[in-house]
Amino acid sequence: MDLHEITPADAARAARVINLAYRGDRPGWTHESALFAGRRTDGPAIETMLAADDTHILALAADAEDGLAGCVCLQQRDAASWYLSLLAVHPSYQARGVGKRLMAGAEDFVRRAGGHRAHISVVSVRSELIAWYERRGYERTGELEPFPYHDPSVGKPLRDDLALVRMAKRL
């Protein structure tokens, strides 16, 4: 599997993998169908993200139906800090170390770009996901962000008790 930056031509494939991982019909431990209805993203949203100079999406090529084993989005916040989001692994490739490889590749990308810190936000009720990031060296910052209930890009929340836990890692 080859780690590479995707282009707008890959946006629909990346969106499909993200939606399969987060909201697909094969629930796994990364699945959010109990928390949200609807899609997590779409091709045009990914294209918009890629159009920003400060945003990159890395993917691992694979023999999966969509040609991608997974992807992760990186957004530069300032000279030292980057925000990582949309980490997604195609259900056919889950539990094979793809998520770990994507995170390692994302962190290497940030370091090569001169960054020293990675930030993430995790839905507060996703304790198993928070623990997964903690095992990779991310620490809770103590900040809790309000959940963006009115942002249609995250789907339709099915609960009213959601928040985002901020986590960070020094690279």
Side-chain angles (χ1 to χ4, degrees), residues 1-24 26 28-32 39-123 126 128-141 153-154 164-171:
M1 290 184 277
D2 172 43
L3 185 65
H4 64 283
E5 266 191 83
I6 69 165
T7 68
D10 302 309
R13 292 185 316 139
R16 179 163 161 71
V17 168
I18 292 165
N19 287 319
L20 284 170
Y22 285 79
R23 316 271 165 82
R26 289 176 46 189
W29 73 277
T30 63
H31 206 264
E32 298 179 334
R39 294 183 308 195
R40 174 60 182 86
T41 193
D42 59 25
I46 299 293
E47 288 176 14
T48 299
M49 293 171 75
L50 289 170
D53 290 337
D54 64 350
T55 301
H56 307 269
I57 298 178
L58 303 180
L60 280 172
D63 294 332
E65 171 185 336
D66 299 296
L68 299 177
C71 59
V72 61
C73 181
L74 306 152
Q75 295 171 301
Q76 187 172 17
R77 298 298 171 136
D78 58 42
S81 299
W82 288 68
Y83 184 74
L84 281 62
S85 63
L86 292 176
L87 176 65
V89 176
H90 191 289
S92 298
Y93 286 86
Q94 290 180 1
R96 293 183 174 183
V98 172
K100 291 177 195 173
R101 188 163 170 203
L102 282 165
M103 286 302 291
E107 292 167 1
D108 286 344
F109 184 96
V110 168
R111 281 187 204 97
R112 286 192 310 273
H116 303 289
R117 195 159 185 81
H119 299 269
I120 58 174
S121 297
V122 183
V123 176
R126 301 290 314 278
E128 71 285 348
L129 191 53
I130 291 169
W132 187 85
Y133 284 114
E134 288 175 331
R135 289 190 301 273
R136 269 134 208 90
Y138 286 80
E139 298 176 343
R140 298 173 202 221
T141 65
S153 73
V154 299
L164 298 173
V165 175
R166 293 270 296 164
M167 301 180 79
K169 180 178 179 178
R170 181 137 183 87
L171 304 176

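In this text, all values refer to a predicted model and were calculated from it rather than measured experimentally. Worth knowing before you read on, the calculation uses all heavy atoms, side chains too, and leaves out hydrogens, waters and symmetry mates.
- Going from atom NZ of Lys169 over to atom NE2 of His116 covers 15.0 Å, rounded to the nearest 0.5 Å.
- The side-chain contact (heavy atoms from CB on, under 4.5 Å) test with Ile18 singles out one residue from Leu68, Leu87, Leu86, and that residue is Leu86.
- Listed by chain and residue number, Glu143 satisfy the side chain to side chain donor-acceptor pair (under 3.5 Å) test with Thr141 (two or more places apart in sequence, or in another chain).
- Applying the salt bridge (charged side-chain N to carboxylate O under 4.0 Å, His left out) criterion to Glu134, with sequence neighbours excluded, gives Arg140.
- Heavy-atom minimum distance, Ala15 versus Gly43: CB-N, 3.6 Å.
- For Ala52, the side chain to side chain contact (heavy atoms under 4.5 Å, CB included) partners are Asp54, Thr55, not counting sequence neighbours.
- With sequence neighbours excluded, the residues forming a salt bridge (charged side-chain N to carboxylate O under 4.0 Å, His left out) with Arg23 are Glu32, listed by chain and number.
- Considering CD of Gln94 and CG of Leu20, their distance stands at 9.5 Å, rounded to 0.5 Å.
- Scanning for salt bridge (charged side-chain N to carboxylate O under 4.0 Å, His left out) contacts around Arg136 gives an empty result, with sequence neighbours left out.
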Which donor-acceptor pairs under 3.5 Å do the side chains of residues 70-81 make with protein atoms, sequence neighbours left out?
from, atom 1, to, atom 2, distance (Å)
Gln76, NE2, Asp78, O, 3.3
Asp78, OD1, Ala80, N, 2.8
Asp78, OD1, Ser81, N, 2.8

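- If you check the side chains of Tyr83 and Ser121, you find a donor sitting under 3.5 Å from an acceptor.
- Every side chain to side chain contact (heavy atoms under 4.5 Å, CB included) that Pro8 has, sequence neighbours left out, goes to Glu47, Leu50.
- Looking only at side-chain heavy atoms (C-beta outward), Val122 and Leu164 stay at 4.5 Å or farther from each other.
- Here the closest heavy-atom approach between residue Ala14 and residue Ile6 is recorded as CB-CD1, 3.8 Å.
- By the side chain to side chain donor-acceptor pair (under 3.5 Å) test, Thr7 is found to be paired with Asp10, residues two or more places apart in sequence or in another chain being considered.
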Verdict with supporting geometry, Trp82 and His56, side chain to side chain contact (heavy atoms under 4.5 Å, CB included): CA-CA 11 Å; Trp82 288 68; His56 307 269; 3.7 Å; yes
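- With sequence neighbours left out, the side chain to side chain contact (heavy atoms under 4.5 Å, CB included) criterion links Arg111 to Glu107, Asp108, Leu171.
- Considering CD1 of Ile57 and CE of Met49, their distance stands at 5.0 Å, rounded to 0.5 Å.
- Listed by chain and residue number, Tyr133 satisfy the ring pair (Phe, Tyr, Trp, His ring centres under 6.0 Å) test with Tyr138 (two or more places apart in sequence, or in another chain).
- His4 has its side chain out of reach of Leu58: every pair of non-hydrogen atoms, C-beta onward, lies at least 4.5 Å apart.
- Contact annotation: the side chain of Trp132 approaches that of Met103 to within less than 4.5 Å [non-hydrogen atoms, C-beta and beyond].
- Val165 places a side-chain heavy atom less than 4.5 Å from the side chain of Met167.
- In this structure the side chain of His119 reaches within 4.5 angstrom of the side chain of Arg166, judged on heavy atoms.
- Residues satisfying the side chain to side chain contact (heavy atoms under 4.5 Å, CB included) criterion with Arg39, sequence neighbours excluded, are Asn19, Asp42.
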